[in-house]
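Worksheet: one structure, shown below.
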Amino acid sequence: MTIWGILAVVYALAVVLIAVMKPEKIWNMKKIELFKKFLGDKGTEIFFYIWALGFLVLGIWLLTK
């Protein structure tokens, strides 16, 4: 479970990094463009933060289990 917890925390950090830096190659992917269409640019960013928070909580839970 420790490995899964670490991977979940690393994934959460990667998602936050993508939301903050908005790398053009990733930010212009079709799937993210669809999110931006429905949620707007700021809404997509907030969605990424919530998604990252969920994985951070999961990772911490797995690490303490």
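- L13 CG to L56 CG: the interatomic distance, rounded to the nearest 0.5 Å, is 7.0 Å.
- In this structure, I32 is a member of the same hydrophobic cluster as L39, with clusters built from ILVMFWY side-chain heavy atoms closer than 4.5 Å.
- One finds the CG atom of L58 at 10.5 Å from the CG atom of L7 (value rounded to the nearest 0.5 Å).
- L63 and V9 get closest at one heavy-atom pair: CD1-CG2, 4.4 Å.
- Other residues, nucleotides and ligands place no more than 12 heavy atoms under 6.0 Å from the CH2 atom of W51.
- The line from OG1 of T44 to NZ of K37 is 12.5 Å long, rounded to the nearest 0.5 Å.
- The two atoms that bring V16 and A52 nearest to each other are CG2-CB, 3.5 Å, heavy atoms only.
- Under the 4.5 Å side-chain heavy-atom criterion for Ile, Leu, Val, Met, Phe, Trp and Tyr, V57 and Y11 are members of distinct hydrophobic clusters.
- Here I50 contributes atom CD1 and L53 contributes atom CG; the two are 8.0 Å apart, rounded to the nearest 0.5 Å.
- For the pair E33 and K30, the salt-bridge criterion is not met [side-chain N within less than 4.0 Å of a carboxylate O].
- Atom CE of M29 is separated from atom CZ of F35 by 10.5 Å, given to the nearest 0.5 angstrom.
- In terms of heavy-atom proximity, V15 sits nearest to F48 at CG1-O, 3.3 Å.
- Under a hydrophobic-cluster definition in which Ile, Leu, Val, Met, Phe, Trp and Tyr are linked whenever side-chain heavy atoms come within less than 4.5 Å, directly or via other members, I60 and V10 are assigned to the same cluster.
- Between P23 and I18, the shortest heavy-atom contact is CD-O, 3.6 Å.
- Considering only heavy atoms from C-beta on, V20 comes within 4.5 Å of Y49 through its side chain.
- Taken together through direct or relayed side-chain contacts under 4.5 Å among Ile, Leu, Val, Met, Phe, Trp and Tyr, W61 and F55 form part of one hydrophobic cluster.
- Scanning all heavy atoms of the two residues, the minimum distance from G59 to A8 falls at CA-CB, 3.6 Å.
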